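Notes to accompany the following structure.
Just so it is clear, the values below take in all heavy atoms, side chains as well, and ignore hydrogens, waters and symmetry mates. In this text, all values refer to a predicted model and were calculated from it rather than measured experimentally.
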Amino acid sequence: MGYTAETVEELLGFYEKHASEVGFSIRKGNTRFKVGTRIVLEKTYVCSAAGVTNNGKNKKKKVQTVVPVVPKKERKPRQVSITRTQCRACLRVKMNSEGRYEVVNHVIMHNHDLTRSQWHYLHRSERQITEEKREAIETMQKSGLSSTASFNYMAIEAGGEENLGHSKKDHLNYCTRLKMKQIEGGDAQAVTDIMYLELEGDPNFFFRFRLDEKGKLRSLFWRDSMMMEDYGIFGDIVVFDTTYRTNRYNLICAPIVGINNHWNNCMFGCAFIGDEKIESFVWLLQTFKKSMGGKSPISIFTDQDAAMNNAINQVFPDSRHRLCVWHLHQNAITRFGALKRDPTFKKTFNYCLYKCVTVVEFETNWRSMLQQYELIGEEWFTNVYDLREKWCPALSKDFFSAGILSSQRSESTNHAIGFRANRTTSLTDFYRLFKGTIQRWRSTEKQAEFSCSKSVPSSALPLSGLLKHASEVYTLSLFRDFKEEFGYSIATTAKLIWKQENTEFYAVSIDEEPWSAQRVTYIHESQTVSCTCKNFEASGWLCYHCIRILHLHSVNRIPE
C-alpha cells in the first residue's frame, strides 16, 4: 500500500511478478479515464478467478453450457468449465496529486486453491508472444515449417515448454492470425499484391491473371528474371505437368520445368488454371511465350491430354509435342490394378517404354506383351499405341529430348517439384512454398557450379584422349554419362562395311549382343561422326558406337 510509480505498466509488472510467485493469474479490471481524454486516473487488476462465469440463469450448474446461435442448424452445445469463483484478490492503483500512480488497495486473500509451482507457466498472464518470438515464428513459417514443428523447435531451444513463455495453443492461434493477415481482403487479391511487390524488386518479373465473369480468379501465371535467363540458355526442353491440384480452390497448378547443364531441374514459370479446356491451355502457352520474348522450345513434354496437344499445335506449331513416359507408366498401373502385382509386366512394359532401340524391336516386344497379358483390344493400350510416335524412343530419336524419353529423367522431373501442399493450402501459402522450392533448386545449382569449378572428375580409366577432353568441357553430371558410354565402347567391335572417298561406314556392336549393332558414319576431313542410334541427337552426348570409331581413328578430342 502506498507504493508509487511513473506508469501503470510499471505497477502491473510488479503485480505480475507477485502473482507468479504466489501462484495465480491476473487480468485487467475496471479503468477510469480523465474526462475527455485517454489519461488513466484509476486502474484495477484482478485475479483471473474474479467474477462469475455465467449470466445468473444457471448458477447451480457445475459445468456451464453455452449454446451458440446458429440459424436453421442445431449444434451440440459446447461445454465450458467454470473457472471464476468470485475471488476478491485485486490491486487498485490511482493517480495521486503529484501525477504518479499509487497503490491504494491490495487484497491478498484468495478464495480458491493456488496453482502449484510446476504449473505457473500455464497462467495466461505469464504467457506472452514477444516481438522477438513473433519474428522467429514468421521466419519459420516462411521456411515451410508447420505450426507444430515451429513450436516444438522453440520449446527445445528454450529447454522445455515451461521455459518458452507461451503455450502451444497460443502458438497455433498466432500462426492462424498470421495466415489470416496474409490473406486479408481475399486470397486471390493477396497473391496478386505479392506479385506487384515482386515487380517492384525485380523489374523483369512477369505475371498475368484472368478473372471470370463474377470477378473471381480464373488463371494466373508468373515468372521472375532468373527464370527468363534460364529459359534463354536451357529452353530447348520444356516439361508441362498439369496433374497438381494441391490447393483449397481445386485450381490446377502447372509448373513449367526445364533441365540445366548439371542435369538438374530448373523452373521456367508456374501457373494456376481453372480447368483443362483448350482455351485455358492456349492462354497459358501464349502468356508463357510472350513472357519469354516469343522463343519456342524444341520439345514440349506433357501428360496425356488432348486439349494440351491442340493448344501446343496452335501456340508452338514448330515444337515437337511428346508425352511423359513416367505418366504413361503410372496410368497403366492405376488402370490395370491386377498387373501391378505382376513384377514381370512392369519389367516388360518398362522395356517397351524405355529400352527399345529399333522399330522392329519395339513392335515385336509390344505385340508379345499384349498377347502374354491378354491386353489385345484394351482401349487404353490401343490409344497409347496409336500415340507411339510421341513417346517411343525408337521413333523419336531425330529431336533433342535431354534423355527424358529414354531414361529416368522423366520420373525425376515429375518427382522433384516437392511442393508440401494439400487441399487446404491457400494461394498465398502455395506461392510461399513455390518460392522455397525455387530457392532449393538454385542453391543446388550453385553447389554444382562450385563443385565443377573446384574439382576434377575421377575415373577408374586413365584420363587421357577423349575422356580427358570430356572431363574438361562437360559438367560432372554429364561426364558421368559420357564415362559410362566410354566404358561400353571398350567392349565393342567395329567392322568396316563400306568406304566411299572420305566417308566410311561401320557396323559397331557389343560382343555377344548382336541386337546392339548400329551403323556409324565417319567423315575423315571434318572428323564428323554419326550413328543410327541417334543418341547424340536425342540426349546430347556421344554414344559408345561413335566413341569406338573415334578411337579407331585416333581422335583425341570430341568434335565441335
Query raised in the report: So do the side chains of V46 and R27 get within less than 4.5 Å of each other, counting heavy atoms only?
Result: yes
Query raised in the report: Is there a donor-acceptor pair closer than 3.5 Å between any side-chain N or O of N173 and the backbone N or O of K169?
Result: yes
**Report entry** Residue pair L284 / F221, side-chain heavy-atom distance below 4.5 Å
**Finding:** yes
Requested in this report: Determine whether Q447 and F450 make a side-chain contact, defined as any pair of heavy atoms from C-beta on separated by less than 4.5 Å.
Outcome: yes
Query raised in the report: To the nearest 0.5 Å, how far apart are CE in M1 and CG in L91?
Result: 9.5 Å
Query - Any donor-acceptor pair under 3.5 Å from R223 side chain to S291 backbone - result: yes
Query raised in the report: Have H171 and S147 got a donor and an acceptor in their side chains that come within less than 3.5 Å?
Result: no
Query raised in the report: For H110, what residues pass the ring-ring contact (aromatic ring centres under 6.0 Å, His included) criterion, not counting sequence neighbours?
Result: F24, H112
Report task. Start with the C-alpha gap between F240 and I312, add the side-chain angles, then the distance that decides, and say whether side chain to side chain contact (heavy atoms under 4.5 Å, CB included) holds. Result -> CA-CA 11 Å; F240 278 90; I312 290 173; 5.7 Å; no
Requested in this report: Answer yes or no: is there an ion pair linking R100 with E10, defined by an N-O contact shorter than 4.0 Å?
Outcome: no
Query - M226 atom CE, neighbour heavy-atom count above 12 within 6.0 Å - result: no
Report task. May I ask you to say whether R134 pairs ionically with D170, meaning some side-chain N is under 4.0 Å from a carboxylate O? Result -> no
Requested in this report: Start with the C-alpha gap between N264 and W441, add the side-chain angles, then the distance that decides, and say whether side chain to side chain contact (heavy atoms under 4.5 Å, CB included) holds.
Outcome: CA-CA 8 Å; N264 293 326; W441 287 12; over 6 Å; no
Report task. Provide the closest heavy-atom pair for R84 versus S48 in the form atom of the first, atom of the second, distance. Result -> CG-O, 3.9 Å
Query raised in the report: Can I256 and C270 be said to form a side chain to side chain contact (heavy atoms under 4.5 Å, CB included), step by step?
Result: CA-CA 6 Å; I256 305 169; C270 192; over 6 Å; no
Query raised in the report: Honestly, is R208 close enough over F206, meaning NZ or CZ under 6.0 Å from the six-membered ring centre and within 45° of the axis?
Result: yes
Query raised in the report: Is a side-chain donor or acceptor of Y101 paired with a backbone partner of V40 at a separation under 3.5 angstrom?
Result: yes
Query raised in the report: Is there side-chain contact between V22 and L114, with at least one heavy-atom pair below 4.5 Å?
Result: yes
Requested in this report: Indicate yes or no: does K446 engage E449 in a salt bridge with an N to O separation below 4.0 Å.
Outcome: no
Query raised in the report: Are I300 and I237 close enough that some pair of their side-chain heavy atoms sits under 4.5 Å apart?
Result: no
Query raised in the report: Do any N or O atoms from the side chain of K289 and from the backbone of V315 form a donor-acceptor pair under 3.5 angstrom?
Result: yes
Query raised in the report: Can a donor-acceptor pair be found between the side chains of T475 and N261 at a distance below 3.5 Å?
Result: no
Query raised in the report: F288 and F316: side chain to side chain contact (heavy atoms under 4.5 Å, CB included), yes or no, with the steps?
Result: CA-CA 11 Å; F288 173 70; F316 294 117; 4.2 Å; yes
Requested in this report: Find out whether L11 and V103 are in side-chain contact, i.e. whether some heavy atom of one side chain is under 4.5 Å from a heavy atom of the other.
Outcome: yes
Query raised in the report: To the nearest 0.5 Å, what is the distance between CD (E157) and CG (N163)?
Result: 12.0 Å
Query raised in the report: Backbone N or O of Q439 within a donor-acceptor pair of the S443 side chain at under 3.5 Å?
Result: no
Query raised in the report: Any idea which heavy atoms bring F479 and S458 closest together, and the distance?
Result: CE2-O, 4.0 Å
Query - Results of ring-ring contact (aromatic ring centres under 6.0 Å, His included) for F33 - residues two or more places apart only - result: none
Only distances under 3.5 Å count here; give the side-chain donor-acceptor pairs of residues 227-236 to other protein atoms, sequence neighbours excluded, each with its distance to 0.1 Å.
| unit_1 | atom_1 | unit_2 | atom_2 | d |
| --- | --- | --- | --- | --- |
| Y231 | OH | K295 | O | 2.9 |

Query raised in the report: About how many Å separate OG1 of T192 and OH of Y431, when rounded to the nearest 0.5 Å?
Result: 11.5 Å
Query - Main-chain N/O of I273 paired with S219 side-chain donor or acceptor, under 3.5 Å - result: no
Query raised in the report: So, R440 versus T437: side-chain donor-acceptor pair below 3.5 Å or not?
Result: yes
Query raised in the report: Would you say the side chain of R92 lies within less than 4.5 Å of the side chain of H106, judging by non-hydrogen atoms?
Result: no
Report task. Tell me, yes or no, whether the heavy-atom count around K133 atom NZ, taken from other residues, nucleotides or ligands under 6.0 Å, exceeds 12. Result -> yes
Requested in this report: Supply the atom-to-atom distance T37 OG1 to K34 NZ, rounded to the nearest 0.5 angstrom.
Outcome: 6.0 Å
Query - Close side-chain approach of W222 to F434, heavy-atom, < 4.5 Å - result: yes
Query raised in the report: CG/N105 to NZ/K94 distance, rounded to the nearest 0.5 angstrom?
Result: 11.5 Å
Report task. Nearest 0.5 Å please: distance from the SG atom of C90 over to the OH atom of Y45. Result -> 12.5 Å
**Report entry** Trace of the ring-ring contact (aromatic ring centres under 6.0 Å, His included) decision for F209 with F272
**Finding:** CA-CA 9 Å; F209 60 87; F272 283 112; over 10 Å; no
Query raised in the report: With sequence neighbours left out, what residues match Y196 under ring-ring contact (aromatic ring centres under 6.0 Å, His included)?
Result: F207
**Report entry** Partner residues of S280 under the side-chain hydrogen bond (donor to acceptor under 3.5 Å, both in side chains) criterion, sequence neighbours left out
**Finding:** D275
**Report entry** Polar contact flag, side-chain donor to acceptor under 3.5 angstrom, S225-D202
**Finding:** yes
Distance-only criterion, 3.5 Å: show the donor-acceptor pairs between side-chain atoms of residues 12-21 and protein atoms not counting sequence neighbours.
| unit_1 | atom_1 | unit_2 | atom_2 | d |
| --- | --- | --- | --- | --- |
| S20 | OG | E126 | OE1 | 3.2 |
| S20 | OG | E126 | OE2 | 3.4 |

Report summary line: In short, G258 meets F268 closest at the heavy-atom pair CA-CE1, 3.4 Å
